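Data block below; observations after.
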Amino acid sequence: MSLVADLPPLICVVVTSAELGGAERMLVDLLQGIPPSRFRFHVVLPRLGRLALELDQLHVSYEVLSFGGNLSKAGRSGVKAKAALGAVLDVVRYLWLYTRLVVRVKPRLVYTHGLKAELLTGIASHWLRLPVVWHLHTFVPKDAWLGRLHRYLQRRTRMLVANSKAVSAGVLPPASSKTKVVYCGVDIKAFLPLSKSAAEESLHLTPDASKLRVGMVSVLAPWKGLDVFLRAVQPLLRADARWQAMIVGDPIYDTAGHQGYDGVLKQLACDLEIADRVVFLPYQQRPAAAYACLDIFVHAAKKPEPFGRVIAEAMCMQRAVIATAGGGAIEQIESGVDGLLVAMDDVGALRAQVARLMADATLRHQLGLAARSKVLRQGSMAQFIERMATVLDDAMGTRPPRAGHSNTETRHRAA
Ligand code: GLC
């Protein structure tokens, strides 16, 4: 009995996506960085995917609890009327199985990532007497019904973690002491500026010192503005043969309308007659080389980006960054100092700033240097891990181990 009491507290992590978007990559950072002497984790996934492969490598236990066909496809604006009944049945089934899982696993805390996980664990908290922490990676849904339900369930959570001030502003009441803003950390050793030729080699691109690249590293989803990017750079590529565009990423979400978006973008590149000037690379598990290949990094989200982890990574890689002015991007970039901000969903505005940077290598260099030094000052992984560990401790009412605790063998496996 005393053995069980001595084990670190068990946290059940419930996630919405089985793939590796920004939210899940942040979770992996956390699981990798927190010493196993501090917490144990058990992850609940909607299906097997890239996240499960990462968990295998980290020796973190997990199990699959499917959302079911209709609920999987439901997006932030709800579900199509046809699928509504099926989605309700999926919710009931999930809640039943989730309740049994929690009773069996007996965690001290439930910690969620993603909207579906928030809503489902929030509903179940009516009968499961367990503290719940939501890690908010995106804005509270705009849809009236979903937004109201979300706000109602927020009151049942022990703590809310927002990845930016912009995201926390949507939480009610925004300034409550249970809402914490914790920016994602960047692993400054993994995102170390490296030479372009070494990066090209590792990505199997033909090394060519005369080639310059402007590109995006992004989940391929319509709201990320990859179409705006292609339209913005089209005349610039045609006017200057040295430049190439690059798009790195996959469509990863199960939500309706997101699958097959890579095909849509390739077709757009053909329609714009720049197919031979755009390189498409799949999702990169270790994306540092992709950033290193880019002379200009663009983040063209058409809607406010909740935080913009890729922006922080590109800044850490000393890239000249252009991002659309919304959400967390505004908190990360001081325009003209460590990057450039442009209006969202505005082809002309983006084109003007890309053209400006294409023409000015000195400015690219200056912005890159300032960007990296800002991330080194503000965004270290160790700070992020410690802040998150404190949130989890506070939510459970557990105290962190005293300094000098003997079991410190994996203080920082991520670093
Ligand atoms: C989500 C958000 C992104 C954020 C990431 C990590 O993927 O869309 O903006 O960087 O979560 O919190």
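The model shown is predicted, which means the values in this text are computed figures rather than measured ones.
Around CH2 of Trp145, the count of heavy atoms belonging to other residues, nucleotides or ligands within 6.0 Å does not exceed 12. No more than 12 heavy atoms of other residues, nucleotides or ligands lie within 6.0 Å of NE2 in His204, so this atom counts as exposed by the packing criterion. In Glu63, the CD atom is crowded: over 12 heavy atoms of neighbouring residues, nucleotides or ligands sit closer than 6.0 Å. At most 12 heavy atoms of other shown residues, nucleotides or ligands fall within 6.0 angstrom of atom NZ in Lys303.
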Side-chain polar contacts of residues 336-348 - donor-acceptor pairs under 3.5 angstrom, sequence neighbours left out - could you list them?
{"from": "Asp338", "atom 1": "OD1", "to": "Glu334", "atom 2": "N", "distance (Å)": "2.7"}
{"from": "Asp338", "atom 1": "OD2", "to": "Lys374", "atom 2": "NZ", "distance (Å)": "2.9"}
{"from": "Asp346", "atom 1": "OD1", "to": "Gly348", "atom 2": "N", "distance (Å)": "3.2"}
{"from": "Asp346", "atom 1": "OD1", "to": "Ala349", "atom 2": "N", "distance (Å)": "3.0"}

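The aromatic rings of Phe39 and Phe41 stand perpendicular to each other, their planes meeting at an angle above 60°, with 30° marking the opposite boundary. Taking the six-membered ring where the residue is Trp, Phe297 and His299 present parallel rings, their angle staying beneath 30° rather than reaching 60°.
Atom CD1 of Ile247 is separated from atom CG of Leu281 by 10.0 Å, given to the nearest 0.5 angstrom. Between atom CH2 of residue Trp134 and atom OG1 of residue Thr112 there is a gap of 7.0 Å, rounded to the nearest 0.5 Å. The line from CD1 of Ile333 to CE of Met315 is 5.5 Å long, rounded to the nearest 0.5 Å. Between atom NE2 of residue His365 and atom CD of residue Gln318 there is a gap of 6.5 Å, rounded to the nearest 0.5 Å. To the nearest 0.5 Å, atom CZ of residue Arg93 and atom OG of residue Ser66 are 5.0 Å apart. Taking CD of Glu118 as the reference point, atom CG of Leu149 lies at 11.0 Å (rounded to 0.5 Å).
The two atoms that bring Val214 and Phe229 nearest to each other are O-CZ, 3.6 Å, heavy atoms only. Shortest non-hydrogen contact noted between Gln244 and Lys211 is OE1-CD, 3.5 Å.
When only modelled atom types and interatomic distance are considered, Glu331 and Tyr183 share a side-chain donor-acceptor pair under 3.5 Å. At a cut-off of 3.5 Å, with distance as the only test, no side-chain donor of Glu54 or Gln32 sits close to an acceptor on the other residue. A donor-acceptor contact closer than 3.5 angstrom is absent between the side chains of Gln154 and Arg151.
The pair Asp250-Arg50 meets the salt-bridge criterion, since a charged nitrogen lies less than 4.0 angstrom from a carboxylate oxygen. In this structure, Lys116 does not pair ionically with Asp90, as no charged nitrogen and carboxylate oxygen lie closer than 4.0 Å.
You'll find the side chain of Met381 stays beyond 4.5 Å of the side chain of Lys189, heavy atoms only. The shortest distance between side-chain heavy atoms of Asp227 and Tyr261 falls below 4.5 Å.
Under the rule for a side-chain hydrogen bond (donor to acceptor under 3.5 Å, both in side chains), Arg155 has no partner lying at least two apart in sequence or in another chain.
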